[in-house]
Structures are given as structure tokens and as C-alpha cells.
Amino acid sequence: MYLTHLALTNFRNYAHLELDLDPGVMVIQGQNACGKTSLLEAIFYLATSRSLHASSDRELIRWGASSEPIPFARLEAQIERSNGVRTHIEIVLMLAEEKNKSDTRVANGRVSKRIKVNGVTKRAMDLLGELNVVLFLPEDLQMVFGSPAQRRRYLDITLAQIDARYARALARYNHIVEQRNSLLREFRERAYQPAELAIWDRQLIEEGAYLIARRAETITRYNPLVAEMHAHLTAQHERLELVYQPSVAFDVAIPRETRHAEIARAFAQQLDALRAREQSAGMTLVGPHRDDVRFLVTRNHDAVAMDATTYASRGQGRTIALALKLAEVQLMRAETGEAPVLLLDDVMSELDAARRAALADAVQDASQALITTTDLADFSAEFLEHARVMRVCNGMVESGD
């Protein structure tokens, strides 16, 4: 799949943008704070209805739009799949208003969100899968060096785009954990009621077992793709392996057909064992919300794998993050039959010449890739000859030819 057209109104620093896009590689050049990342953020938002950096949707509405009668932002995308089917996505963010004491209508800071696919109103959850994207940001190094929550978030965003059931199970599971934690805290103030907790336990186990099983299956499929891409980026000098560390202990070798039941059984046993500790802590201590993924790197001359989260250099961490993203493109294509749109923000910085060349080679065959940069010198003349170059300045996008 690829985007054929992107339209933005009052999004970030874009007052109005109409941009036709091509298949293949596009390089977007511009100075810092000119709107390069915002362009990628708009595409990511159209795919997931989630912002990259904003703490609230209010921050996405252009500041100057607040002076308009009805402050709003609109994002639209036209998408074409490999079979020729076209999809139109529209998201409108509108700043709510209320009357003040002087009976004057003023913005109250709340934002309503309306999502339409081919003109039909959809929930945010139903948007997932209409446009699949893989996004790399410089801060994705924290996926390697940061907390387990950041690695779980990466897995969740990837799986939610390719598995609608996973997205629904994740939403329900997060709600169940919140309700169950609230009940556990209540038991500090009143008598413990096993029957009340059992209701949430059953739901926790059902949804959680699916999340764990799907994560385990995905890591198994992901590993050879990641290993191959990482080896390519490191000129075969290093090998990378992903290790899934679920908080629910189960035998990963059990057949796929019985894995869900085995995980559910193990989950129930661990909940029983942790009952007293959970009541004391007032929170759920086991489940997919406490999982982790480790990155093990082995150099050709080493016998022991290195835990990248603890010991990798910044350059190694960046290479690991890139390998994950590029392998994710292959994973999504295998899972959905459609290649996702690849979004790479400031990807060449901090890479040596050899890894830049390897990365450029890896993205050449992308169905569609948008790569931002401040300096076109980061790319070879041969690479730029086969790419479409665009320049961004003050919320305007122009051909770089």
C-alpha cells in the first residue's frame, strides 16, 4: 500500500497543505523546526489516531487556528493498495467551546475527534489496519535503552496494526487491569471478597493469555527477519536475537494449538500464588503489562551474547532500532499481504558511511518510504537520482528538483 495524496489543515505548523505522493523513496529535506517530522507525524496519526509527541490532541491544532470561529485541524489521506482498492481516511479534531460568565463562547481546551473511512464514521480502534506504517524516530533508541514499557509499546503498536483482535484484547486488558487494581486497593479498607476478584481474574486471564501468546508467536516470526536485517546493516559482523520475557512463565515449546490454554493455566496459578502480595501492593503483579523484550547481540569474535539494553553503545542501539523497523516492514507484509509505508525521521545522523550505505540499500525496494534529513549530503548521488526529493520550509513543501 502507499499514500497517493495527503491533505492537512491547521495541523501543527501546516495551515494548509495538499501533497501528491509517489510510490518508492522520497527524501524530505529541510532545516530543524520547519515541519519535516510533523509531516511524518500526520501520516502516523492517520494510521493510528495517536500522536508521536503531543500529550494531548489539543497540541496538534495549529496555534494560529485558535483565532478562527471554530478552531479545528483536519487530516486526510488517499491510500491505494496493491490490488488497486482505494481508501480515503479523514480525521477532524475540533476544539470544544463553552459560554463564559459574559455569555461569550470561548474554547475550553477539550478536543473532539471524528474519524471517517470512505465517508463512514469509525471508532479509533476500527481505523487500525486501514493504513499500515512503520516509523523510525531518533528517540527510538529508548526502545533499546529505555524501560520495558517502551518495548511493550513498540510491540503493541506493531501488533495492533496487523491483528484487529489483538487491538481489542489489549484495550480490554488495560481496562481490566485498571478495574482490578482499584478493587485490590479497596480491599485495604474493607474485607477481602474472593468472589468479586474472581470476576476480574477470569477476564484478565482470558485477554492476557491471548496477548502473551500473540507476542510470543510474533517474536518467533520476527527473529529471523531481524537477524538478517541486522547482519546486513553491520556487514555481517554482528548477530541480533530478540528474547521475549513474559511475566507469566510457560513452556514456549508447546504447540501453537494448545499455547493459549497452557498460558491461561500458568497465569491462573501465578495469580493464586501472588494473591497476598497483590492485596498488600494494591496492584496486579503479573500479566502482559509487565512483560519485556531483550536484545542480545553477538559479535563474530565473541562466544557470549551481549545484552544490548545494558552494554550496547549508542551506535549499536541505533542500528538495532533500525534493524527492528526494517524487519517490521517484512513482518507486516507477510502478515497482511500489504507492504506498510516506511517513515524514517533523521535516520542518517550518527551512522557511519558503511551503515548509511547499507541502510540506503535496504530501503530501495520499499513500496513507499519517506525519509527526512537536514542535509542531502547524507545520501549518495546515486541514491538521490532514484528518489524524489522534496524541500520543507515553514509549513510549505516544494519539489527539490
Side-chain angles (χ1 to χ4, degrees), residues 1-6 17-31 34-44 47 77-84 86 131-138 140 225 228-236 318-319 321-334 337-393 396-401:
M1 68 173 58
Y2 67 96
L3 280 84
T4 61
H5 189 77
L6 176 69
L17 175 70
E18 296 282 346
L19 183 62
D20 291 324
L21 298 168
D22 301 320
V25 178
M26 288 167 283
V27 177
I28 303 167
Q29 187 271 332
Q31 298 305 308
C34 278
K36 303 186 305 297
T37 302
S38 294
L39 201 63
L40 302 190
E41 181 177 27
I43 298 172
F44 184 81
Q78 188 74 33
I79 303 140
E80 185 165 330
R81 295 179 177 269
S82 58
N83 59 5
R86 295 185 177 184
L131 168 62
N132 288 339
V133 299
V134 171
L135 170 69
F136 173 84
L137 297 170
D140 281 337
L225 302 175
E228 181 180 3
M229 188 57 65
H230 188 263
H232 177 72
L233 292 176
T234 61
Q236 311 298 322
R318 193 176 187 87
T319 302
L322 279 170
L324 288 170
K325 298 292 185 172
L326 295 173
E328 186 183 342
V329 173
Q330 300 177 44
L331 178 70
M332 283 194 176
R333 182 189 289 118
E338 291 283 348
V341 177
L342 180 60
L343 309 172
L344 302 174
D345 187 36
D346 193 25
V347 71
M348 292 297 188
S349 65
E350 300 185 30
L351 290 181
D352 57 33
R355 297 195 185 199
R356 286 181 180 179
L359 175 61
D361 180 65
V363 303
Q364 288 281 12
D365 295 329
S367 175
Q368 186 176 55
L370 283 75
I371 310 173
T372 71
T373 185
T374 56
D375 190 354
L376 292 177
D378 288 342
F379 303 88
S380 69
E382 182 182 6
F383 181 86
L384 293 175
E385 183 180 348
H386 294 91
R388 176 185 173 187
V389 178
M390 295 178 284
R391 299 187 188 277
V392 175
C393 183
M396 303 290 290
V397 181
E398 300 175 347
S399 174
D401 298 335

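Throughout, residue positions are numbered sequentially from 1 according to the sequence presented. Keep in mind that the numbers below use all heavy atoms, side chains included, and drop hydrogens, waters and symmetry copies.
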Heavy-atom pair of closest approach, residues [X] and [Y]:
| X | Y | answer |
| --- | --- | --- |
| Ala321 | Asp140 | CB-O, 4.0 Å |
| Leu131 | Ile43 | CD2-O, 3.9 Å |
| Glu338 | Ser82 | OE2-OG, 2.9 Å |
| Leu233 | Ala323 | CD1-N, 3.8 Å |
| Ala77 | Leu3 | CB-CD2, 4.0 Å |
| His232 | Ala358 | NE2-O, 3.2 Å |

Hey, what do you get for [atom1] ([X]) to [atom2] ([Y]), rounding to the nearest 0.5 Å?
| X | Y | atom1 | atom2 | answer |
| --- | --- | --- | --- | --- |
| Asp20 | Leu6 | CG | CG | 10.0 Å |
| Arg333 | Asn132 | CZ | CG | 12.0 Å |
| Leu344 | Met26 | CG | CE | 11.5 Å |

Mind checking whether [X] and [Y] have side chains closer than 4.5 Å, heavy atoms only?
| X | Y | result |
| --- | --- | --- |
| Pro340 | Val133 | no |
| Leu359 | Leu326 | yes |
| Arg355 | Thr234 | yes |
| Tyr2 | Leu21 | no |
| Leu17 | Leu39 | yes |
| Thr374 | Lys36 | yes |
| Arg356 | Asp378 | yes |

Give a yes or no answer on whether the side chain of [X] reaches the backbone of [Y] with a donor-acceptor pair at less than 3.5 Å.
| X | Y | result |
| --- | --- | --- |
| Thr372 | Ile28 | no |
| Gln78 | Arg86 | no |
| Gln368 | Asp22 | yes |
| Arg391 | Glu398 | no |

Assess whether side-chain contact (heavy atoms from CB on, under 4.5 Å) is satisfied between Ser367 and Met1, documenting all intermediate values.
-> CA-CA 7 Å; Ser367 175; Met1 68 173 58; over 6 Å; no
Which residues satisfy the ring-ring contact (aromatic ring centres under 6.0 Å, His included) test with Phe379, sequence neighbours excluded?
-> Phe383
Is atom CD of Glu80 surrounded by more than 12 heavy atoms (other residues, nucleotides or ligands) closer than 6.0 Å?
-> yes
Can you establish whether the number of heavy atoms outside Met396 located under 6.0 Å from its atom CE is more than 12?
-> no
